[in-house]
Amino acid sequence: MGAGKTRIAVIGAGAAGMTAAGTAASCGADVTVFEKNRVPGKKLAITGKGRCNVINNCTVPEFLENVPRNPKFLYTAVSGFSPADIMDFFEGLGVRLKTERGRRVFPCSDRAGEIVDALYRYSESAGASFVFDKVRGIERAGEGFEIRLSDGGTEWFDRVILATGGLSYPLTGSDGDGYVFAGRLGHGLIEPRGSLVPLEADRDICSPLMGLTLKNIVFSAADDKGREVYSEFGEMLFTHFGISGPVVLSASAHMDFSKGSRYTAKIDLKPALDMKTLDRRILSDFSKYANRDASNALDDLLPKKLILPMLSFCGIDPHKKVNLITKEERRRLLENLKSLSIRILGARPVREAVITSGGIPVKEIDPKTMQSKLVPGLYFAGEIIDCDGYTGGYNLGIAFSTARLAGKSAAGSSGTGKNSLSGSGQDKKGKRKTMKIAIDGPGGAGKSYLAKQIAKRLGIIYVDTGALYRTVGLAVKRAGIDPHDTEGVVSLLGTFSIEMEHNDNGQSVLLDGEDVGGLIRTQEISMYASAVSAIPKVREYLFSAQREIAEKNSVVMDGRDIGTVILPDADVKIFLTASPETRAMRRFLELKEKGPDVTYEQVLSEMTERDRNDSTREVAPAVAAEDAVVLDNTDLDGEATADRAVEIIREKTEGKNF
Ligand code: DC
């Protein structure tokens, strides 16, 4: 123990406690961690079903969007120790990480114990010492604190970091004693309740289904005024008291039962099929199994365990012959398949929750340091603070980030950190170079939405190169030429003019001076564009127009060959993609909105075919440039994709003068 060093007591050796201890010790403080269990990280060891979802591999803004309660409070902490920093931190400790669906990050070993060991080693090797004993009380003593231990003895510290967790999983030690210590020192408490907690629901429906897991469903919940509070695609399960599983736990974070609100859940068991298509499916199954009992006719549609209960919800006699099922009965079946309604009665107790919502009010804590505003020298880290996130690694992220900040500030070094998202440098001579951003990728990945977002956020021009091919397609159609007739199309080139104009409202394309923006978005012109785009002379013809605009302006250009052919020297190249199923689902939902009678299966098969054609065509095949960053947005929405892309752009252009 070095004389003159700041003496810090950290209460709790969980994710937050060990991180805070290691950080403070690395900053030169003399740190003692008090843990009432005989081992550190007991709750951490069981998180993520024992695999430990360490963090979410996302940007700082995305992270904060996933914190429904008090995200602003976390800004300094999460910016200073961001998800990327947390991943670097663990990798630096020798833990190999992998990112799974929903950007959830796990240790490659799938062992939460590896994370516990890494944190323990980190804090110990930084110099923190551990005392495995229960703290009985914390009292103010002069400018510092006296910690009372179970043998009645006391120890004096300059500063205390409370990292005692919440109330969830009390067997792991989270029994709320931190609230009591803080309360005695003058802090208030937002009543703790469970978040990410299983839900009690209508037993008539749930009990017979106990143990059944439903995958690939859409789970929605609405409050008693009918307002939807949550809707997500995913997995859930039935239990003896109600419902649980990933989408249910996530949904619970959007519900507040404390003021007597009630909620109703709706489960769409067949989200990929609209009512009409599903009805056709049912009819075809019914004609296939016309002579069977109803209870034996739904095997193609439903898991076995759900068939009898489903017939009972629909009031259909399971012994009834399928060919005798009435239209009304079929309508009820259809409705329940698309929207099985379950009344939610409440949340399970906080001890069954993954995390605790509520805790020490954020208004009593300085967000820049995590220091108490009421008791100088007292700091908070992790779940004890009234902040909580959705599932996906956000809650551990809150623990690590707040703990890092608390540890640094308590040890006396500045809490604010790196990770500024500041843009590229300015040219001191005032000369500006144009920035070129290339976005390529297959159909349905959301290129044009992304490019528009980037243009808006960076204040540069969006060039939609597909519109050029579409305009050639329109000219070819107007001339009555078959778009596959290469000679005919080539002979037409040069007999018309195409111009692009860019202003605040976006891009206009002019064919012989006429604005044809409204005429080129039809399905028919898509086919013309696709056919003419495979003709090398057409590509040559459009080449210089595309190059020129990028020479004169800062642009974000989207297409199929931007990073490979048009702008091989682009400053940033992003190849935007997503799984074929996701892209097909997006396109399907888009088309359905416009009305055409298509099925998801059709869209998926056409999309797969088009992917193959585009990526294998001889001229300018749609493939990622070698130096492109591949951005897979299967699990990201438009905003999150744009956030990630802007981050990529910032990383790639840092230090360049634009
Ligand atoms: O992106 P879009 O759907 O508007 O593009 C229309 C067609 O043009 C599409 O079939 C692919 C083709 N295209 C291309 O080959 N190269 C580009 N840079 C842009 C589009």
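Note that the structure is predicted; figures quoted are calculated from it, not measured. Just so you know, ligand 1 is whichever comes first in the structure, and atom 1 is the first atom listed for that ligand.
By the 30° and 60° cut-offs, the orientation of the rings of His254 relative to Tyr230 is tilted.
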Between Asp85 and Ser82, is the side chain to side chain donor-acceptor pair (under 3.5 Å) condition met? List the steps. CA-CA 5 Å; Asp85 296 332; Ser82 68; 3.1 Å; yes
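A salt bridge (charged side-chain N to carboxylate O under 4.0 Å, His left out) check over residues 518-531, counting only residues at least two apart or in different chains, returns the pairs Asp464-Arg521, Lys477-Glu524. Evaluation of the side chain to side chain donor-acceptor pair (under 3.5 Å) test over residues 483-493, restricted to residues two or more places apart or in two chains, returns none.
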When you check ligand 1 against the protein, what N or O pairs turn up below 3.5 Å? List the atom names and distances, or just say none.
from, atom 1, to, atom 2, distance (Å)
ligand 1, 1 (O), Arg560, NH1, 3.2
ligand 1, 3 (O), Arg470, NH2, 3.0
ligand 1, 4 (O), Arg470, NE, 2.7
ligand 1, 4 (O), Arg470, NH2, 3.4
ligand 1, 15 (O), Arg539, NH1, 2.9
ligand 1, 15 (O), Arg539, NH2, 3.3
ligand 1, 15 (O), Arg617, NH1, 3.3
ligand 1, 15 (O), Arg617, NH2, 3.1
ligand 1, 16 (N), Arg539, NH2, 2.9
ligand 1, 18 (N), Thr465, OG1, 3.1
ligand 1, 18 (N), Arg560, N, 3.2
ligand 1, 18 (N), Asp561, OD1, 2.9

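Taking a 6.0 Å sphere around CE of Met527, one finds it holds 12 or fewer heavy atoms contributed by other residues, nucleotides or ligands.
The salt bridge (charged side-chain N to carboxylate O under 4.0 Å, His left out) check on Asp611 picks up Arg583, with sequence neighbours excluded.
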